[in-house]
Amino acid sequence: MSTKRVYALRGLVRCGLCGRKMEGAARRQDVLYYRCNARTLVPGSASALSHPRQIYLREDTVMPAVNRWVGSLFDQMHRADTIEALFVADDGEQHRNDYVEDLRGRVRAAKVTMDRTRKALEAGWDPVELRDQYNAAVAEKQAAERARSSLPNDGVVTRKQLEVWVDELGDVGKALNAANPEDLGQLYRSLRLSLTYHHVDQRVDVEVDPMADRVDKVCVRGGT
């Protein structure tokens, strides 16, 4: 029986060369990667001419460093500033509505990808090449639908609740490493986490939007 693959960083990783979002792709059985494929670039464009055929970023080489950095935002030195920044950036119910709309957009985008891959298959494209794209779109659609259905009626978290949760977690970075990938994905999106992978020097730039002045660079090994 096949196991559903969950990409915690889906939609959050961009290629530093062409600026596009990297898609989830499994290689070597259950090893998860994010891929930027040159074949979908405009032929003859500057990006296409300088872009390797495929760029891969291995998920398990970057996740521990990302979680460690996110965890550092909640250590004793930065905890108060981080919580304050989250509440300043959060507009309560409006933020919840924006999140719901984002989930709906992910469902729509996944449906478009599923429809496009079905048509490509009917047109004679290689089914092996299309399989990962279709399965990834199905997983994205299901994850977004589950996230939407699991939202409580009251989506507003108080400052005190957030402080208690952070205190209960203790070492946030360590807790994130042990977290469910679907829960991690929701957390990353709530923090507006974004990553840019520069394959030449194997560096990932990581940013959390509510704290735009806090940007870190994580060196990774395992990208191509």
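These figures come from a predicted structure and were not determined experimentally. Quick note: numbers below take in every heavy atom, side chains included, and nothing from hydrogens, waters or symmetry partners.
Taking the six-membered ring wherever Trp is involved, the centroid distance between the rings of Y56 and Y34 does not fall below 6.0 Å.
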Let's go through L195 and R14 carefully: what are the C-alpha distance in whole Å and the side-chain angles of both, what is the deciding distance for side-chain contact (heavy atoms from CB on, under 4.5 Å) to 0.1 Å, and is it a yes or a no? CA-CA 6 Å; L195 299 88; R14 289 189 178 274; over 6 Å; no
For a side-chain contact (heavy atoms from CB on, under 4.5 Å) check, start with the C-alpha distance between L9 and V62, then their side-chain angles and the critical distance, and finish with the verdict. CA-CA 10 Å; L9 297 173; V62 69; 4.0 Å; yes
Verdict with reasoning, W69 to L193, per side-chain contact (heavy atoms from CB on, under 4.5 Å): CA-CA 11 Å; W69 179 67; L193 186 78; 4.1 Å; yes
R106/K141 under side-chain contact (heavy atoms from CB on, under 4.5 Å): CA gap, chis, key distance, verdict: CA-CA 7 Å; R106 288 167 54 194; K141 177 176 176 291; over 6 Å; no
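In this structure, SG in C36 is found 8.0 Å from CD in E23, a value given to the nearest 0.5 Å.
Cluster annotation: M114 and V107 are assigned to distinct hydrophobic clusters (Ile/Leu/Val/Met/Phe/Trp/Tyr, side-chain heavy-atom contacts under 4.5 Å, transitive). Residue L41 is not grouped with residue V13 when hydrophobic side chains (ILVMFWY) are merged at heavy-atom distances under 4.5 angstrom, including chains of intermediate members. At a threshold of 4.5 Å between side-chain heavy atoms, the hydrophobic network of Ile, Leu, Val, Met, Phe, Trp and Tyr places V138 and L32 in two separate groups.
Using a cut-off of 4.0 Å between Lys/Arg side-chain N and Asp/Glu carboxylate O, R118 and E122 are scored as not salt-bridged. The residues E59 and R10 are annotated as not salt-bridged, no charged nitrogen and carboxylate oxygen being separated by less than 4.0 angstrom. Residues R104 and D102 are not paired through a salt bridge, judged by the lack of any N-O separation under 4.0 Å between the basic side chain and the carboxylate. Salt-bridge check for D115 with K111: failed, with every basic side-chain N at 4.0 Å or more from each acidic carboxylate O.
The closest side-chain donor-acceptor pair between Y188 and N67 falls under 3.5 angstrom. For the residue pair T40/R20, the side-chain donor-acceptor check at 3.5 Å is satisfied. In this structure, a donor-acceptor pair under 3.5 Å is absent between the side chains of D201 and H198.
Taking 4.5 Å as the limit, every side-chain heavy atom of L57 sits out of range of all side-chain heavy atoms of Y33. In this structure, the side chains of L184 and L176 come closer than 4.5 Å at one or more pairs of heavy atoms. No side-chain heavy atom of M22 sits less than 4.5 Å from a side-chain heavy atom of R35.
Among all heavy-atom pairs drawn from T196 and C15, the shortest one is CG2-C, 4.4 Å.
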